[in-house]
Protein chains: 2
Amino acid sequence: MISTKKTDLLKRTDIFASLDSKELEGLAHLAVERRFAPDEFIFWEGQPAHWFYIVQEGQVKVSKYSPSGREFIVAFFTPGEMFGEVAVFQGKPYPASACAVGETRVVGIRRDDFLSFLATHPSVSLKIIHVLGERLRSAHTRLRDLAAERAEGRLANILLMLASKLGPTLPFTRQELADMTGLTPETTIRVMSRFRDRKIVRSGRGKTTILDEAALRRIGEGLPLN
Amino acid sequence: MISTKKTDLLKRTDIFASLDSKELEGLAHLAVERRFAPDEFIFWEGQPAHWFYIVQEGQVKVSKYSPSGREFIVAFFTPGEMFGEVAVFQGKPYPASACAVGETRVVGIRRDDFLSFLATHPSVSLKIIHVLGERLRSAHTRLRDLAAERAEGRLANILLMLASKLGPTLPFTRQELADMTGLTPETTIRVMSRFRDRKIVRSGRGKTTILDEAALRRIGEGLPLN
DNA sequence: ACCCCTACATGATTTATGTCATAGAAGCCT
DNA sequence: AGGCTTCTATGACATAAATCATGTAGGGGT
């Protein structure tokens, strides 16, 4: 019995949930646990992608940086979710950087090991297709959003998307919300203040609680702020 | 020998290229050919996704509409490319609408048939993962773009992305470029006119030829126009 | 308890882009 | 050829958001 902890974790991920304990055991042999301090980077955009990861504990922020140095947050990942996989499947460098948000533990699996594992476990491929499909769908929705909505709509939609994943209380600063919407921190603060005044959210330092989801949904649909 | 035409087409798609002729033959049995007139819709966002498609001839435009009715073009697909697949893998409604650009022929495969085919052909799953990964990467790049760049940068990047797929002469109206960038037609026309004046593109009615790719690349990186 | 650093807040001003209006030009169909 | 539609073009104006500036408040560390 190698590592109950690792098999347990793997068991709790979407893509490996269907494996039996023997298969999990085999996979756990390939998995390496790594620990990261807050704000420590797990990989950088452009690096060769030798590893694919699953969040074990904490949160991981995946971002791309514009040439001017401005950050754009592509996604947040929570325990049980994989990241870094796109690059691994294609043998290309990572297309974005990954950074630990708080104290974070992840398990990594080497690209080669994972690809051979996949070759012998087709059901996992199907799960991965499912997950990638979901992410693609969400990316397209977000694209439409960035293209069509203005500040209030963008923020409303990001808040809704985050809430559907993390619950109504969101642990993000205005700066981070700005980095997810492509707005400036100032505009984000102003809009969030309007939301607060209208009792749509309650806000504290580094966190936001959604009070009126229906209102956000209306705003996100492009309807005027009342 | 059922349909040389269909097996030939299937053979030319990324995801089926590795199949042998017997497997292709089996797949061709499942495939139905359909023909669409220009501007005819193949499916609408929100419809149940019973079919998955491959472009045979012509071009397919996949768009999402904002509640105000404004179109956002998610992607263009050319012969050999699949579309409508995300919904099919998840048993959810189509997340976007697909529309024939010119006279277009596609082949469709029923969801159930395709899923069972996949179950018995793991190598195809791997190809699909590859394609989805590529699309996800491109969607993320575009997200960063919409979030970080202004009109000139957005247009430059869309032009580059389209050119890498279709060659330097692009068959799109300003309206369509606007629908891909989230800009208004007026702004698109103004920016494209500036590009024309600076000999970065040559333009005609419904088409644009890229003359100075390096300049576009600079502009797309957020560097000033100059 | 204090300080310091970071997050939040808000005003003044500028600027890019959207909006509204109008018109010329190029294809297309009869 | 003529007329109609669609695309391109351009000006005037309105406005949302960025930018610049400055100040306040809350937590964490010493």
Side-chain angles (χ1 to χ4, degrees), chain A residues 37-39 66 68-73 101-103 145-156 158-159 170-198 201-209 219 222-225, chain B residues 37-39 66 68-73 101-103 145-156 158 170-198 201-209 219 222-226:
Chain A
D39 297 323
S66 65
S68 56
R70 188 160 167 201
E71 179 177 7
F72 174 73
I73 299 177
V101 174
E103 193 66 40
D145 230 63
L146 286 179
E149 303 295 343
R150 34 190 83 255
E152 284 177 356
R154 289 194 198 182
L155 267 167
I158 275 287
L159 291 174
L170 304 172
F172 299 107
T173 64
R174 307 299 154 98
Q175 173 71 58
E176 287 170 322
L177 292 174
D179 289 337
M180 292 185 250
T181 48
L183 301 170
T184 58
E186 291 96 326
T187 299
T188 306
I189 286 170
R190 280 185 246 262
V191 172
M192 292 298 288
S193 298
R194 286 210 289 280
F195 285 175
R196 170 172 40 68
D197 295 346
R198 291 173 175 267
V201 304
R202 191 149 40 82
S203 60
R205 188 189 173 80
K207 77 172 213 270
T208 300
T209 304
I219 295 165
L223 301 176
L225 181 52
Chain B
D39 297 322
S66 66
S68 56
R70 189 160 167 202
E71 179 178 7
F72 175 73
I73 299 177
V101 174
E103 193 66 42
D145 230 63
L146 286 180
E149 302 295 342
R150 34 189 87 254
E152 285 176 354
R154 288 194 197 182
L155 267 167
I158 275 286
L170 303 172
F172 300 107
T173 64
R174 307 297 154 97
Q175 172 72 59
E176 287 171 321
L177 292 174
D179 289 338
M180 292 185 251
T181 49
L183 302 170
T184 57
E186 292 95 327
T187 299
T188 306
I189 286 170
R190 281 186 244 262
V191 172
M192 291 298 288
S193 298
R194 286 210 288 281
F195 285 176
R196 171 172 39 67
D197 295 346
R198 292 176 174 265
V201 304
R202 191 148 39 84
S203 60
R205 187 189 172 80
K207 76 175 216 268
T208 300
T209 303
I219 295 165
L223 302 176
L225 176 55
N226 159 36

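The figures here come from the full heavy-atom set of this structure, side chains too, leaving out hydrogens, waters and symmetry mates.
The residue A:Arg154 sits apart from the nucleic acid: no heavy atom pair falls under 4.0 Å. Within 4.0 Å of B:Arg205, counting heavy atoms only, lies at least one base atom of the nucleic acid.
Put simply, CZ on B:Arg194 is 10 Å from C1' on C:dA16, counting in whole angstrom units. Atoms CZ (B:Arg150) and P (D:dA16) sit 17 Å apart, rounded to a whole Å. Computed from coordinates, the B:Arg174 CZ to C:dA25 P distance equals 16 Å when rounded to whole Å. In this structure, the CE atom of B:Met192 is 15 Å from the P atom of C:dT17, given to the nearest Å. B:Ile189 places its CD1 atom 9 Å from the C1' atom of D:dT10, with the value rounded to the nearest Å. Rounded to an integer number of Å, the gap from B:Asp197 CG to D:dA9 C1' is 11 Å. When the C1' atom of D:dA9 is taken as reference, atom CD of B:Gln175 falls 14 Å away, rounded to whole Å. Distance, B:Phe195 CZ to D:dT8 C1': 17 Å, rounded to whole Å.
Taking 4.5 Å as the limit, some side-chain heavy atom of B:Gln175 sits within range of a side-chain heavy atom of B:Pro185. Contact annotation: the side chain of B:Thr208 never approaches that of B:Arg202 to less than 4.5 Å [non-hydrogen atoms, C-beta and beyond].
Nearest nucleotide to the side chain of B:Arg190, out of D:dA17, D:dT19, D:dG11: D:dG11. The side chain of B:Thr184 approaches C:dG18 more closely than any other nucleotide in the set C:dG18, D:dA17, D:dA9. For A:Leu183, taking side-chain heavy atoms from C-beta onward, the closest of the listed nucleotides D:dA9, C:dT17, D:dA17 is D:dA17.
Ionic pairing of A:Glu152 and A:Arg194 is present here: one or more N-O contacts between side-chain nitrogen and carboxylate oxygen are shorter than 4.0 angstrom.
Contact annotation: A:Thr173 does not reach the phosphate of C:dA7 (side-chain N/O to OP1 or OP2, under 4.0 Å). Taking 4.0 angstrom as the limit, A:Arg196 places a side-chain polar atom (N or O) nearer than this to OP1 or OP2 of C:dA9.
The two residues A:Arg174 and A:Thr188 have their closest heavy-atom pair at O-CG2, 3.6 Å.
A:Leu170 CG to A:Leu177 CG: the interatomic distance, rounded to the nearest 0.5 Å, is 7.5 Å.
Both B:Val191 and A:Gly204 lie near DNA chain C, and the one whose nearest nucleotide falls closer to the 5' end is A:Gly204.
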